[in-house]
Structures are given as structure tokens and as C-alpha cells.
Amino acid sequence: MPLDLDWVRRVQANTSAIERRAATLPGRRSVKKDWQAAWLCKAISVIDLTTLSGDDTEGRVRRLCAKARQPVSPEILDRLGMTGLTVGAVCVYHDMVPAAVAALRGTNIPVAAVSTGFPAGLSPFHLRIAEIGESVAAGAREIDIVISRRHVLTGNWQALHDEMREMRAACGEAHVKAILATGELGTLRNVARASLVCMMGGADFIKTSTGKESVNATLPVTLTMLRAIRDYHDATGIRIGYKPAGGISKAKDALNYLALIKDELGDRWLQPDLFRFGASSLLGDIERQLEHHLTGAYSASWRHALA
């Protein structure tokens, strides 16, 4: 949709109220036993299983894809009655897209590629657009782009909107997740306004972080972005997805995020087409918790390696 500057400028964020609301969540939304196991299985189904390291190899990516296809041991899944469970996607750098696509052939698990000069997003714009096209041509069905933070910090909303529209167009049929790098945006009001502008510009998802910032996903930032998604849906009827990324490594943290999604947006947003966790180590901790649920004992973390 066209940029509505009046709407953007009306957006505010009551930081103290947001932080108070987020702080109450862990104590109010606790689930145990079978219900906790069910929620943890839900968390697995919406994980973007990720490797974004400079020493990534095709072998590591193939092992990660094998884990994506079988995220929890068959014995545990059989006892839980959850056969067929997979993660939501596998997220890699562009160079690793062909290896991931080949390893996931025959499944419905999409490959997501980080793009547009990830993580800083400061390469020449025409190269960022070209990178999107290369990843789509290589078989990536989802593209995680990074916005130019300077547009937010200087209040140049038109430039951010134009950038988002061009990136959306370059993605074609692929879904585009707009990474806001919220830890570098300064204020929750900036987060809220950037979320709205990216949605106006065509983002299918808005995502907190690259995972490379000093501060990544937090519950206050999540609440701010979810309220922006809710307001946008109320005004347009269009559902936009949400992806917290970076720093979510424990099963109990995943439960808090899922509870907040359910509270703020409802059950429809708990499906993989509208919610993802950007994570790597999270899956291992969830697997340990599920095993504890069934056996009463915690296994060593090395038994649940990702790749």
C-alpha cells in the first residue's frame, strides 16, 4: 500500500507500560506436563533452524537439514503421538542455498536465505537487490532482508518504504521477512513506526534481529511489534507474520513468546505461515525438555547436537 505518513506519525509507544506488561508474562502464563509438551512441539514446528557462521560448510548444512526433517528422536515423537513433526524452515547464507534445497528435496520445508548485505545491510543497493534475485533463482522460498537502519534513525520513512517495496518486488513469489535490527533503532517508538512502514511496503513478516546485534529479541520489542501487526490487520484485513530472532535458546523462553502471540494476536498467528522463531540452539533444549517429560531425567546437551 502507499505510505501513509499521517498514520506513521500518529504511532506512539508507552515504554514503561510495555515493559510492565512484558515483565508480568513469565509469571502468568506457565504450562506444565502434557500441556507444556504440546506447546513445545508447537514451538518446534515454527523454528527457522539456522546456521549463519563464517565457517559454514555444505556438510554442516546437510546435517542441519537432516535435523530439520527429524528434529526429535522418533522414539520420543512416537510416545508423544507427534509423528511427522518438522521445523518451519532452514535459514542459511546464499552460498549454502543449493545444498539446503537439495537436502530438503521431497519435503515441504522451505529454505530461507538471509540477503541484502546481511547483517549490516550497507552494500550498494543494486547489489542487495541482485542478491535477492540470486537466492530466489537458487531455490530459496523465503528471503530475510535487512532494512537500512539509518532511514529509521533519521525519520526518512519514505526512503524506508521505497526500499521495502523494491525488495518485495525482487522477491517475486518468495516470502520476504524484513529484519528491523531493533536493538539498533534506539526507541520502541522507532520500532513501532518501522514495523508499520515495512508492512505498508509489502513485508510478509517483520523480524526483530539479525542475531548479530548486542541486543536481539526481547519481550518488550515483541509486544511492540505484535501491536503494530494487530493494528495493521485491523485497518487493512491483511495478516503479517512475526519472527523473533537472536537470544532465544531456552524452551521456557519459547513458551513465553508463544503465550504472548496467543494473547495479542490469537491462535491463527501460531501457525508456521505467520510465526517463526529464528534459532539454532533452541531446538536442542526443547528436545531435552521433551525427554525429561517422558523419562523424568535430563540428558546431556551433547546428545542433541544440531549439526
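Fair warning: this is a prediction, and the values are worked out from it, not measured in the lab.
Applying the 6.0 Å contact sphere to CD of Gln12 captures more than 12 heavy atoms from other residues, nucleotides or ligands. More than 12 non-hydrogen atoms from other residues, nucleotides or ligands lie less than 6.0 angstrom from NE2 of His151. A 6.0 Å sphere centred on CG of Asp78 holds more than 12 heavy atoms belonging to other residues, nucleotides or ligands. Within 6.0 Å of atom CZ in Arg165, 12 or fewer heavy atoms from other residues, nucleotides or ligands are found, so the atom counts as exposed in its surroundings.
Under the 3.5 Å distance criterion, with hydrogens and angles disregarded, a donor-acceptor pair is assigned to the side chains of Tyr242 and Thr222. Checking His175 against Asp273 by side-chain atom types alone, no donor-acceptor pair falls below 3.5 Å.
Without hydrogens or angle criteria, Thr107 side chain to Leu104 main chain gives a donor-acceptor distance under 3.5 Å. When atom types are taken as modelled, the side chain of Ser148 and the backbone of Arg150 share no donor-acceptor pair closer than 3.5 angstrom. Of the possible donor and acceptor atoms, one in the side chain of Thr236 sits under 3.5 Å from a partner among the backbone N and O of Ile238. Judged by distance alone, with hydrogens and angles left aside, the side-chain atoms of Glu58 form no donor-acceptor pair with the main-chain N or O of Ala99 at under 3.5 Å. The backbone N or O of Asp56 sits nowhere less than 3.5 Å from a side-chain atom of Ser53 that would complete a donor-acceptor pair. Side-chain atoms of Asp285 come within 3.5 Å of backbone atoms of Ala251 as a donor-acceptor pair (strictly under, hydrogens ignored).
The side-chain heavy atoms of Arg21 and Leu260, taken from C-beta on, include a pair separated by under 4.5 Å. At a threshold of 4.5 Å between non-hydrogen side-chain atoms, the residues Leu180 and Cys198 count as touching. Here the side chains of Gln70 and Leu77 are in contact, with some heavy-atom distance below 4.5 Å. Here the side chains of His233 and Ile240 are not in contact, with every heavy-atom distance at 4.5 Å or above.
Cluster partners of Leu52, by chain and number: Tyr93, Val114, Phe118, Val146, Ile179. The rule joins Ile, Leu, Val, Met, Phe, Trp and Tyr whenever side-chain heavy atoms lie under 4.5 Å apart.
Using cut-offs of 30° and 60° on the angle between ring planes, the pair Tyr232 and Trp7 is parallel.
To the nearest 0.5 angstrom, Ile229 atom CD1 is 8.5 Å from Phe205 atom CZ.
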Trace of the salt bridge (Lys or Arg N to Asp or Glu O under 4.0 Å) decision for Glu142 with Lys243 | CA-CA 13 Å; Glu142 301 177 357; Lys243 179 178 174 179; over 6 Å; no
Apply side-chain hydrogen bond (donor to acceptor under 3.5 Å, both in side chains) to the pair Asn14 and Ser16, showing each step before the final yes or no.
-> CA-CA 6 Å; Asn14 186 332; Ser16 60; 3.1 Å; yes
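Between Arg128 and Glu163 there is a salt bridge, since at least one side-chain N of the basic residue sits less than 4.0 Å from a carboxylate O of the acidic one.
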